[in-house]
Amino acid sequence: MSDALQKGRDLLADMNPGLEQLLADRYDALVPGMAETLVEYGYGRHYARAGVDLKTRQLCTIAALTALGGHTAPQLKVNIENSLAAGASETEIIEVIWQMALYGGMPAAINGLNAAMEVFDPVDGP
């Protein structure tokens, strides 16, 4: 096993246990090794890098996914959960999403806020 794969798995063990298996169950039949590749490359080589703390990386991810628009809602929800696990507050997450109204547009920010509401309160979300 590569060092990056282990680093990625270690990060996910704290932040989002079960994500690799969920991805494997859903996608590996179509793209063999997809889940492991995502864990190794995305988490083990990017999120595990020095220089920026994990909470900041997660908030940057939320900003990017929000600015990209509503089609990213499933990934945005996962990363909102990851951001909470990395120590971000609901207020910080909302403010990052709202900031993207300037860069991704109001519809993108509204879609981001709806995703956050679903994560924060899945019973009362939109």
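In this text the structure is predicted, and so the values were computed from the model without any measurement. Any value given below was found using the heavy atoms of this structure, including those in side chains, with hydrogens, waters and symmetry copies removed.
- Glu40 and Ser2 make their closest contact through OE2-OG, 2.8 Å (heavy atoms, listed as atom of the first residue, atom of the second, distance).
- The two atoms that bring Ile97 and Ala116 nearest to each other are CD1-CB, 3.8 Å, heavy atoms only.
- The heavy-atom pair separating Ala88 from Leu59 by the smallest distance is CB-CD2, 4.0 Å.
- Under the 4.5 Å side-chain heavy-atom criterion for ILVMFWY residues, no single connected hydrophobic cluster contains both Ile110 and Met100.
- In the hydrophobic clustering of this structure, Met34 groups with Leu22; members are Ile, Leu, Val, Met, Phe, Trp, Tyr whose side-chain heavy atoms approach within less than 4.5 Å, directly or through other members.
- Shortest non-hydrogen contact noted between Ala108 and Gly69 is CB-CA, 4.2 Å.
- With values rounded to the nearest 0.5 angstrom, Asn82 atom CG is found 7.0 Å from Leu12 atom CG.
- Between the side chains of Glu118 and Asn114, not a single donor N or O lies within less than 3.5 Å of an accepting N or O.
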Would Glu92 and Val96 satisfy side-chain contact (heavy atoms from CB on, under 4.5 Å), going step by step from the backbone distance to the final call? CA-CA 6 Å; Glu92 289 172 315; Val96 165; 5.6 Å; no
Go through it in stages, so that I can follow the logic: the residues are Ile94 and Phe120, the test is side-chain contact (heavy atoms from CB on, under 4.5 Å), and I'd like the CA-CA distance, side-chain angles, deciding distance and then a yes or no. CA-CA 11 Å; Ile94 293 299; Phe120 297 159; 3.6 Å; yes
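- Connection of Val119 to Trp98 is established within a shared hydrophobic cluster, with ILVMFWY side chains joined at heavy-atom distances below 4.5 Å, either directly or through further cluster members.
- Leu102 and Met106 end up in different hydrophobic clusters when Ile, Leu, Val, Met, Phe, Trp and Tyr side chains are linked at under 4.5 Å.
- For the atom pair Asp28 CG and Gln21 CD, the distance stands at 8.5 Å (nearest 0.5 Å).
- Of all heavy-atom pairs between Ile93 and Ser83, the closest is CD1-CB, 3.9 Å.
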Give the intermediate values and the outcome of side-chain contact (heavy atoms from CB on, under 4.5 Å) for residues Arg57 and Arg49. CA-CA 10 Å; Arg57 286 188 192 282; Arg49 288 176 57 90; 3.3 Å; yes
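- Listed for the Gln58 side chain is a donor-acceptor partner under 3.5 Å among the backbone atoms of Asn79.
- Minimum interatomic distance between Leu11 and Ala48 (heavy atoms only, all atoms of both residues): CD1-N, 3.7 Å.
- Taken to the nearest 0.5 Å, the NZ atom of Lys7 stands 9.0 Å off from the CZ atom of Arg45.
- The 12-atom threshold is not exceeded at OH of Tyr41, counting heavy atoms of other residues, nucleotides or ligands nearer than 6.0 Å.
- For Asn111 (side chain) and Pro107 (main-chain N/O), a donor-acceptor pair under 3.5 Å exists by modelled atom type.
- At least one side-chain heavy atom of Leu84 sits less than 4.5 Å from a side-chain heavy atom of Glu90.
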For Tyr43 and Glu20, run side-chain contact (heavy atoms from CB on, under 4.5 Å): C-alpha distance rounded to whole Å, both residues' side-chain angles, the deciding distance at 0.1 Å, then the answer. CA-CA 11 Å; Tyr43 290 92; Glu20 182 177 4; over 6 Å; no
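- Test Leu65, Ile62, Thr61 against Gln75 for side chain to side chain contact (heavy atoms under 4.5 Å, CB included) and you get one pass: Leu65.
- Leu38 and Leu5 fall within a single hydrophobic cluster, where Ile, Leu, Val, Met, Phe, Trp and Tyr are joined by side-chain heavy atoms under 4.5 Å apart, directly or via other members.
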